[in-house]
Amino acid sequence: MLAKGVARRAAITMAVKKGAQNVKNDLREDLSGSGNKAFRRIPITYEVKATPGRITAEIGPSKGGAGSLANIAFFGTAKGGGTHEFYEHGEDELPRLAEHVAKAAVEVV
């Protein structure tokens with residue numbers, strides 16, 4: 001029984017990791033089409049964390065350097081900007097992620 005639990009958790013972790021990678025790729029694709037050369041260089045990373053009863057992924061721009069422009073690219077300022085989607089990419093991925101997590105949880109049983 002314990003082995004199945006470990007295998008299930010590993011499968012779910014892989015599904016979350018794949019979802020995070022998809023969101024990262026979507027963000028990179030969105031930024032790569034920017035008319036602002038600096039926005040195209042914003043680095044996007046993700047980190048998957050596993051704690052008892054929880055597997056999460058944090059996706060976003062790296063801090064410092066070109067990553068410091070992320071707030072302007074995604075949310076804008078009083079003078080403009082905010083022309084790129086941020087949360088929408090995660091929302092688009094969520095149904096696929098939920099399907100893969102559910103499938104991983106059932107297949108290991």
Side-chain angles (χ1 to χ4, degrees):
M1 191 65 120
L2 182 60
K4 286 185 180 184
V6 171
R8 181 180 300 118
R9 186 169 177 83
I12 292 170
T13 299
M14 291 306 297
V16 170
K17 188 173 185 176
K18 176 65 175 163
Q21 182 66 46
N22 289 344
V23 172
K24 175 186 171 182
N25 292 344
D26 290 347
L27 285 165
R28 289 293 326 131
E29 184 178 337
D30 186 358
L31 290 170
S32 71
S34 179
N36 185 317
K37 184 178 174 182
F39 288 176
R40 293 191 300 260
R41 293 192 324 262
I42 295 172
I44 305 296
T45 61
Y46 70 89
E47 181 179 0
V48 175
K49 297 178 183 178
T51 58
R54 179 174 286 190
I55 301 167
T56 61
E58 185 174 319
I59 310 154
S62 299
K63 296 183 187 220
S68 298
L69 297 172
N71 277 341
I72 297 168
F74 296 122
F75 307 113
T77 69
K79 295 182 179 183
T83 57
H84 297 280
E85 295 182 340
F86 185 72
Y87 295 113
E88 294 83 354
H89 295 294
E91 291 170 356
D92 291 345
E93 182 64 25
L94 188 57
R96 287 186 295 257
L97 174 62
E99 181 181 326
H100 289 292
V101 167
K103 187 176 178 182
V106 171
E107 284 183 351
V108 176
V109 175

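We number each residue from 1, following the sequence as shown.
One hydrophobic cluster holds both Tyr87 and Val23 under the rule that ILVMFWY side chains link at heavy-atom gaps under 4.5 Å.
Note that NZ of Lys17 is 16.0 Å distant from CD1 of Ile12, once rounded to the nearest 0.5 Å.
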Output a table of donor-acceptor pairs, distance under 3.5 Å, between side-chain atoms of residues 88-99 and any protein atom two or more places apart or on a different chain; print 'none' if there are none.
unit_1	atom_1	unit_2	atom_2	d
Glu88	OE1	Phe86	N	3.0
His89	NE2	Asp30	OD2	3.2
Glu93	OE1	Arg96	NE	3.1
Glu93	OE1	Arg96	NH2	2.7
Glu93	OE2	Asn22	ND2	3.1

With a cut-off of 3.5 Å and sequence neighbours excluded, list every side-chain donor-acceptor pair involving residues 40-53.
unit_1	atom_1	unit_2	atom_2	d
Arg40	NH1	Ser34	O	2.7
Tyr46	OH	Gln21	OE1	3.1

All N/O donor-acceptor pairs, side-chain side in residues 68-78, below 3.5 Å, sequence neighbours left out:
unit_1	atom_1	unit_2	atom_2	d
Ser68	OG	Gly65	O	3.4
Thr77	OG1	Lys79	N	3.1
Thr77	OG1	Gly80	O	3.3

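A 4.5 Å side-chain heavy-atom check between Ile59 and Leu27 finds at least one atom pair inside the cut-off.
Of all heavy-atom pairs spanning Gly67 and Pro61, the tightest one is O-CB, 4.2 Å.
In this view, Arg28 satisfies the salt bridge (charged side-chain N to carboxylate O under 4.0 Å, His left out) rule with no residue, not counting sequence neighbours.
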